[in-house]
Chemist: 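Sharing a structure below in C-alpha cells format, with a few things to ask.
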Amino acid sequence: MTDFASLLVADRGQKARLIHLVDKDSFDPWLKKRPAEDRALIDAHRFDGKKGFAFVLLPRGNAFEVVSAVKNATELSPWCLAKLAESLPEGTYKLASGEPGKAALGWLLAQHRFDDYRSKGEDAQHGARVLITGEAARIDETVRLAEATALVRDMVNTPAADLGPAEIAQAVKAEANRSGGKFKVISGDELASGYPLIAAVGAAATPERAPRLIELEWGETKHPRIAIVGKGVCFDSGGLDLKPASGMRIMKKDMGGAAHALAVARLITMERLPVRLHLLIPAVENAVSGSAYRPGDIVKSRKGLFVEIDNTDAEGRLVLADALAKAVEGKPELIIDFATLTGAARVALGPDLPATFANRDELAAELEAAARDVEDPLWRMPLWDPYDDLLKSDIADFANASSSPMAGCITAAMFLKRFVPDEIAWAHLDTWAWRDPAKPGRPKGGDALGLRAVFEALKRRYPSG
Ligand code: BES
Ligand code: ZN
Ligand code: ZN
C-alpha cells in the first residue's frame, strides 16, 4: 500500500516549489503581476488558465514554480491537483496561496499504483511528490480516506484467482485484529442450513472457494447498532445462465460491494464513530459445475420465504437477501448495503453515479447532501412498489428476476426490500466499483464510488466526542 502519510506533511517552513492555482476569473489579474519571462513562457504554451488540469513549469534558476488551471481556485475539488501529482517531477510542493483542503485527497490518490502484477523494473518507480499543508489537523483524515479508497481499488483489481471468499475473509480478519472487533465466518453445514441462498449461489465453486458469510462486530453495546452489508461475489460467471464473454470480462469486480463495506468499516473503526457496527459480507463464487444451482430451483431463504431462481445471473440479490435477514435479526437502527448489483443501474446512470435507494426520505437526503459536500456523487432511485409484481413466480413466493428487462435496478432493489422490515432505516447503493475511462487521480480499473459519501453521512449522523 502506498505510504500516503509521507506524501502530505505539515508546514514547518520546509523548502518547497510553489504551485499557483488560477481559474478563468483569477488568471488575467494573476498574469499581470508576473515577471515578463513568466508571461512569455505562459503565452508560448498557449496557457490561458481556462483548460482544467493544464499546467506550465516556470523556471527559477535551477528550480521552478508551477502554474495550473483549476475550475474554481477558491473552492478546490478533490481532483484538481491530481494531474499535477501524477505528472510533476518528484519533490516537495506547496500551494502559493491557500490550503489544499479537499484537493489533498486527489494529490494522494493520484500517486497510488496497483503494481502487484508488474514484474520488477518494468514500471519505472515514480518519485514521491510531497505536498505541504497548513492544515495539519486534516492530514490523518485525508490519509485514512486515501487508504480506504486504495483498499477498494486494490481488492477489486486483484484477479479473481487470487481473491476468493477465503481471501476476503482474511482481509476482514485483518481488520478485526486491527480494530479489536469480533470476527466470525459461517460455512459448510451451518451455512447450508442457516443461509440457504448464500449456499445455493456458491454451490458450484471448488472446496477452497466454498461460499461463506463473513462477519465483524465492533464497538460498545451502549452505542446505536448499524449494519453494513457488501456483495462479495468473487467472480460472477453468471452461473448456468452463463454471461457472454464481453459481459464476463470484468466480473472479478463483483466483490466491489464487499470491498466498499470493508472500507467503510475500516473508516468507522479508525475514527471510532460511536456506533455498534455489524459488518456482513456474503462471499461466494458464482461458478458453473454439476453442483451449480439451476434456473427453476426453489430455495427457502433464511427469512423463510421461498425464492424461485429465474436467472442464476441475478445472484447478488440472493446472497444479500440472507445477509440482510441476518443483519435485521440484530435489530440495527440503520442498514446500508453496497453491491455491484445490476447492469441496469449502469444503463440508467452511467459509470459515475451509484444508484441509491432508501426507505426513508431523510436518509436519502442525508446521503445526497453528504455526497454533494464531499464530491462523491450518487443519485436516488425509487423503491417503486408497483414493480414488485414483476418478481411474481408461478409456484413460489416470488422469483429472483423479472421477465421484463425494464427498470432492472429497481426490481433488484425491490427484491432486497422484501428482506428489510419498514421499521429499519435502510439504504442500498447499486455501485459500479469500476472506473472506465480513467480520470485524473482515478485510473481505469477498480474504484470506490459512494464510499466517501456514505462515510460522511455516517459521521454526521453519529458525531464522535
Ligand atoms: N454482477 C452483475 C451486475 C453487473 C453487470 C454490474 C455489469 C455491473 C456491470 C449481476 O449479478 C447481474 O448479472 N445482474 C443481471 C441481473 C439480471 C439477470 C436480472 C443484470 O444486470 O443483467
Ligand atoms: Zn450476475
Ligand atoms: Zn453479480
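Note that the coordinates shown come from a computational prediction; the quantities given were computed from them, not determined experimentally. Order of appearance sets the numbers: ligands from 1, and atoms from 1 within every ligand.
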Chemist: Indicate whether any N or O donor in one side chain lies under 3.5 Å from an N or O acceptor in the other, for Asn359 and His428.
Modeler: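 No pair is found: no donor N or O on one side chain lies under 3.5 Å from an acceptor on the other.
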Chemist: So, Asp23 and Lys50, do they make that salt bridge, N to O below 4.0 Å?
Modeler: no
Chemist: Tell me whether the NZ or CZ atom of Arg360 lies within the 45° cone about the ring axis of Trp426 and under 6.0 Å from its centre.
Modeler: no
Chemist: Testing the 3.5 Å rule here: is there a donor-acceptor pair between the side chains of Asp310 and Asn400?
Modeler: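 No, no side-chain donor-acceptor pair sits under 3.5 Å.
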Chemist: Counting only heavy atoms not in Arg272, do more than 12 sit closer than 6.0 Å to its CZ atom?
Modeler: no
Chemist: Under 2.8 Å from the Zn ion (ligand 2), which protein N, O or S atoms are there? Could you list them by chain and number?
Modeler: Asp236 OD2, Asp313 O, Asp313 OD1, Glu315 OE1
Chemist: Compare all side-chain heavy atoms of Ile214 with those of Phe183 and state whether any distance is below 4.5 angstrom.
Modeler: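 Side chain of Ile214 against side chain of Phe183, heavy atoms only: contact under 4.5 Å found.
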Chemist: Taking the basic N atoms (NZ, or NE/NH1/NH2) and the acidic carboxylate oxygens, is any pair closer than 4.0 Å for Lys243 and Asp313?
Modeler: yes
Chemist: Check this for me: Met406, atom CE, are more than 12 non-hydrogen atoms of other residues, nucleotides or ligands nearer than 6.0 Å?
Modeler: no
Chemist: Please list, by chain and number, the protein residues whose heavy atoms come under 4.0 Å of ligand 1.
Modeler: Lys231, Asp236, Lys243, Met251, Lys253, Asp254, Asn311, Asp313, Glu315, Arg317, Thr340, Leu341, Thr342, Gly343, Ala401, Trp432
Chemist: Tell me, please, whether Phe398 has Arg418 positioned over its six-membered ring: NZ or CZ under 6.0 Å from the ring centre and within 45 degrees of its axis?
Modeler: yes
